[in-house]
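Sequence lines set the chain letters: A, B, ... in the order given, protein chains first and strands last, and positions in each chain run from 1. Heavy atoms only: backbone and side chains are in, while hydrogens, waters and symmetry mates are out.
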There are 4 protein chains.
Amino acid sequence: MGVQIESTVKDPERIRERRKQIVRASVELFIEKGFHKTTTREIAKASGLSNGALYEYVKSKEDILYLVCQHIHQEIHERLADSLSSHETALERLRHAMTSFLSVIRDMEDEVLLIYQESKSLPPHHLHDVLQNEQVITDVFVQLLQDGLEDKSLELTEETIPLVAHDIIVLGQMWAFRRWAIRDMDFSEFVRQQINMILRTEPDHSSILRT
Amino acid sequence: MGVQIESTVKDPERIRERRKQIVRASVELFIEKGFHKTTTREIAKASGLSNGALYEYVKSKEDILYLVCQHIHQEIHERLADSLSSHETALERLRHAMTSFLSVIRDMEDEVLLIYQESKSLPPHHLHDVLQNEQVITDVFVQLLQDGLEDKSLELTEETIPLVAHDIIVLGQMWAFRRWAIRDMDFSEFVRQQINMILRTEPDHSSILRT
Amino acid sequence: MGVQIESTVKDPERIRERRKQIVRASVELFIEKGFHKTTTREIAKASGLSNGALYEYVKSKEDILYLVCQHIHQEIHERLADSLSSHETALERLRHAMTSFLSVIRDMEDEVLLIYQESKSLPPHHLHDVLQNEQVITDVFVQLLQDGLEDKSLELTEETIPLVAHDIIVLGQMWAFRRWAIRDMDFSEFVRQQINMILRTEPDHSSILRT
Amino acid sequence: MGVQIESTVKDPERIRERRKQIVRASVELFIEKGFHKTTTREIAKASGLSNGALYEYVKSKEDILYLVCQHIHQEIHERLADSLSSHETALERLRHAMTSFLSVIRDMEDEVLLIYQESKSLPPHHLHDVLQNEQVITDVFVQLLQDGLEDKSLELTEETIPLVAHDIIVLGQMWAFRRWAIRDMDFSEFVRQQINMILRTEPDHSSILRT
DNA sequence: GATGAATGAGGGTTCATTCAT
DNA sequence: TATGAATGAACCCTCATTCAT
């Protein structure tokens with residue numbers, strides 16, 4: 001799954017191991033200084049590898065960026081998937097998922113920001129794959145909305161589902177990429193409001209329109 | 001207004017002129033290749049300036065990025081401000097503003113994306129200023145929401161206004177930074193849905209919750 | 001004539017000047033250590049240029065090799081052409097040319113060897129051009145042989161001319177690339193014998209075959 | 001005979017075996033990409049050895065080049081020696097040898113070219129040995145010429161023998177290193193002309209001079 | 001003010017060789 | 001003996017910036 005990154009090394013266990021080191025170090029560095037201003041030497045050093053060894057697990061600096069993006073998406077997706085509940089109605093499951101998603105975003109705000117800012121530096125092939133991963137995460141919500149359509153706990157039309165799902169993602173990721181504007185807001189308040197923006201469940205607030 | 005960029009040149013008219021050339025050329029280049037992959041030589045050439053002349057109107061490559069971001073924000077803000085209507089109710093003015101805003105985003109999707117992806121490369125001082133400009137644009141909607149609170153054409157609480165304003169901005173800019181996911185959607189359909197996401201004005205759709 | 005080498009610099013006079021420095025330094029270095037073991041830093045330093053300046057007059061290290069080969073061929077060709085005499089018979093002109101050619105080879109043995117050993121590292125396009133230059137030099141002898149055919153001072157058939165011309169070149173260049181085997185031979189003796197090999201003019205030695 | 005190459009391995013049989021693999025692979029690679037552009041990893045892989053194993057049969061990359069040159073010379077020499085005839089006169093034996101030599105050159109043109117282009121990269125000690133091997137081959141012709149002097153089937157003076165022998169070698173190897181200029185010539189025609197260049201045996205062509 | 005040649009630090013990457021297993 | 005991961009010096013080249021003219 002995803003694009004295969006070549007390696008000179010044969011032992012797959014070791015590859016996994018070393019790449020984990022590389023990714024861990026790189027995430028930190030990329031967050032701190034950005035992809036372009038981070039040197040491969042720094043990455044090697046922070047990974048506990050020599051300059052040469054780094055290139056046995058990766059073919060280019062861009063590969064590292066890809067690995068980083070993939071790793072971040074994986075973690076987000078895993079944590080989101082793990083938190084999927086089995087409440088009776090899709091509405092309740094959706095609300096729960098949104099809450100979980102938002103809390104993942106908060107935990108990984110730097111990482112989310114990283115993807116927003118650096119993924120454009122990926123070569124087309126890898127970029128495509130990263131965007132696909134973003135879609136995979138979005139699809140979790142597409143599914144939940146679909147469920148709501150079926151069990152009628154949500155009222156919406158089929159055609160709007162894709163965009164609504166993206167809205168959910170984006171209104172959540174905002175916490176990461178608009179930090180500067182929201183920093184003084186309480187996170188739980190943010191959660192409450194964004195969920196309400198999507199669902200309008202609060203009494204007498206099904207719309208911000210005056211009835 | 002904004003951060004002053006130093007110049008060796010005295011004549012302010014000439015400075016304005018030359019910087020316009022620089023910005024025009026840079027926007028295009030940055031969109032095409034990204035900030036880091038664009039060289040100052042390319043910028044100079046595309047601006048019709050010599051390598052040395054460039055540095056008489058600008059002190060560093062980062063200054064150019066700043067000029068570019070500022071210019072983009074200015075244009076967005078101008079066009080948004082110009083389109084502010086004088087409808088009776090704030091609700092109507094808001095709806096009109098959102099529509100205008102979205103159409104500006106569509107016209108300038110590359111530029112919007114540019115700011116999302118490259119502004120992080122600004123030195124802190126300039127970054128701060130750019131974010132402030134983003135806030136200025138957001139404040140247009142803050143004001144409209146406030147108006148709606150006052151003329152009671154909108155129903156919301158004071159505290160939610162800032163975040164709702166940001167939501168409006170972000171749900172609009174999505175068109176630029178989620179193009180890859182939305183490309184096959186009709187723009188007017190996008191507009192309709194996003195406005196509805198914010199306002200829930202469509203009959204029987206004041207909420208996606210089943211009543 | 002020849003393949004154009006790009007330069008960032010505009011002033012053609014300066015380009016010529018600087019490239020002369022580069023070539024002069026490189027010939028020496030390439031002869032001493034070979035193309036691959038010579039670094040661009042060494043070349044820059046020996047040329048009296050900075051690392052960066054070097055690359056304003058040349059696009060790659062291979063370009064330098066090309067410039068070097070071209071320069072060597074040019075000099076050989078010039079000196080050969082300059083020495084072309086106007087003796088009555090083609091035979092005499094040929095003998096004179098061969099003598100001159102051999103003395104050029106002796107003066108430039110290192111350079112001749114350089115081309116033999118390093119031209120293979122040229123990119124195809126440039127290699128082709130270098131070989132063409134080699135042919136140009138060969139053609140000097142082709143012409144002389146042709147003349148001899150016409151004025152009947154030489155007895156040979158048209159079809160053998162090309163190969164004989166190449167033989168002349170190669171039997172001369174031997175002095176450079178077989179030095180190790182010939183070093184203890186007197187140069188004038190070498191000249192005498194090689195010319196005799198081609199012309200068999202010495203009394204009673206028109207062939208090494210016993211009559 | 002030749003320079004001893006060190007090895008960590010004891011069993012001489014195994015050494016011979018492995019080095020044969022190494023040489024076979026390297027010849028091909030060096031011909032294809034040149035010595036410097038061929039990596040030891042490629043050699044190891046193509047030899048069916050591991051990176052480390054390679055260095056148990058050879059102490060450096062240059063050693064491999066030496067082995068390669070030696071092998072090529074050996075094969076040329078062997079094939080030349082094998083073809084030595086026992087015709088009555090030295091002249092006839094010489095003509096036969098030249099024909100054989102030329103056909104060896106044709107079969108091994110890539111290898112001959114390889115030695116011309118890469119032997120310069122050998123460390124002095126090894127280079128000396130390789131040149132000596134070249135001399136050994138030359139000496140085959142020295143001997144034949146000497147024989148001709150003795151049985152008087154050739155007319156030449158003792159002092160010219162060494163150079164004539166080298167001329168024979170070089171006029172033959174031309175087929176390899178001047179391929180680009182001669183490619184459209186028929187090989188048998190080449191043979192005929194080159195032998196005639198040396199021997200001038202064709203009727204009425206004992207010299208290219210008009211009598 | 002303008003030009004464009006010059007600077008030089010530093011970047012990503014390679015690869016001959018070594019060495020722990 | 002064999003393996004293949006690790007090392008790290010070194011390479012070619014780029015480019016933001018400066019400065020003599």
- Task: Assess whether one donor atom and one acceptor atom, taken from the side chain of B:R41 and the base of F:dT17, lie less than 3.5 Å apart.
- Result: yes
- Nearest-Å distance for atom pair NZ/P, residues C:K59 and F:dC15: 12 Å
- Would you mind pulling out the nucleotide paired to F:dA20, Watson-Crick or G-U wobble, both distances under 3.5 Å? E:dT3
- Look at all strands and tell whether D:S7 reaches a base, only sugar-phosphate, or nothing, counting heavy atoms closer than 4.0 Å. nothing
- Message: Base of E:dG1, side chain of B:R14 - is there a donor-acceptor contact under 3.5 Å?
- Response: no
- Closest-nucleotide 5' rank along DNA chain E - winner of D:A53 and D:T38: D:T38
- Item | Phosphate OP1/OP2 of E:dA2 contacted by B:R18 side-chain N/O (<4.0 Å) | yes
- Message: Does E:dG12 have its OP1 or OP2 closer than 4.0 Å to a side-chain nitrogen or oxygen of A:T40?
- Response: yes
- Query: Checking A:K37 against A:F30: charged group under 6.0 Å from the ring centre and within 45 degrees of the axis?
  - Reply: no
- Message: Measure CG/D:L49 against C1'/F:dT3 and give the value in whole Å, please.
- Response: 11 Å
- Per nearest nucleotide of DNA chain F, the residue lying toward the 5' end, B:G52 or C:K37, is C:K37
- Message: Whether C:Y55 contacts F:dC13 is assessed here as follows: a side-chain N or O lying under 4.0 Å from the phosphate OP1 or OP2. Is that the case?
- Response: yes
- Just call it for A:T8: base, sugar-phosphate, or nothing, with non-hydrogen atoms closer than 4.0 Å on any strand. sugar-phosphate
- Rounded distance (Å) that lies between atom C1' of E:dT3 and atom NZ of B:K45: 15 Å
- Task: Using atom CG of B:L65 as one end and atom P of F:dA16 as the other, report the distance to the nearest whole Å.
- Result: 13 Å
- Query: Is atom NZ of D:K20 surrounded by more than 12 heavy atoms (other residues, nucleotides or ligands) closer than 6.0 Å?
  - Reply: no
- Message: Categorize B:T39 for me: base, sugar-phosphate, or nothing, with a 4.0 angstrom heavy-atom threshold over every strand shown.
- Response: sugar-phosphate
- Message: Can you measure C:K61 atom NZ to F:dT14 atom P for me and round it to whole angstrom units?
- Response: 15 Å
- Counting side-chain heavy atoms from CB outward, which of F:dT1, E:dA5, F:dC13 is closest to C:Y57? E:dA5
- Task: Write down the partner of E:dC15 under the Watson-Crick or G-U wobble criteria, each distance required to be under 3.5 Å.
- Result: F:dG8
- Item | Among C:H126, C:H71, C:H73, the one residue meeting ring-ring contact (aromatic ring centres under 6.0 Å, His included) with C:Y66 | C:H126
- Message: Could you tell me how far apart A:E56 (CD) and E:dG12 (P) are, to the nearest whole angstrom?
- Response: 18 Å
- Which sits closer to the 5' end of DNA chain F, D:D11 or D:N51, going by the nucleotide each is nearest to? D:D11
- Using atom CD of A:E13 as one end and atom P of F:dA5 as the other, report the distance to the nearest whole Å. 13 Å
- Query: For D:K120, does the NZ atom have more than 12 heavy-atom neighbours from other residues, nucleotides or ligands under 6.0 Å away?
  - Reply: yes
- Query: Taking the side chain of D:V9 as heavy atoms from C-beta outward, which of F:dT1, E:dA9, E:dG1 is closest to it?
  - Reply: F:dT1
- Do the rings of C:H36 and D:H36 sit parallel, tilted or perpendicular, given the 30° and 60° boundaries? parallel
- Message: Does D:K61 qualify as a cation-pi partner of D:Y55, given the criterion of NZ or CZ under 6.0 Å from the six-membered ring centre and within 45 degrees of its axis?
- Response: no
- Task: Would you mind reading off the distance between B:K33 atom NZ and F:dT14 atom C1', rounded to a whole angstrom?
- Result: 12 Å
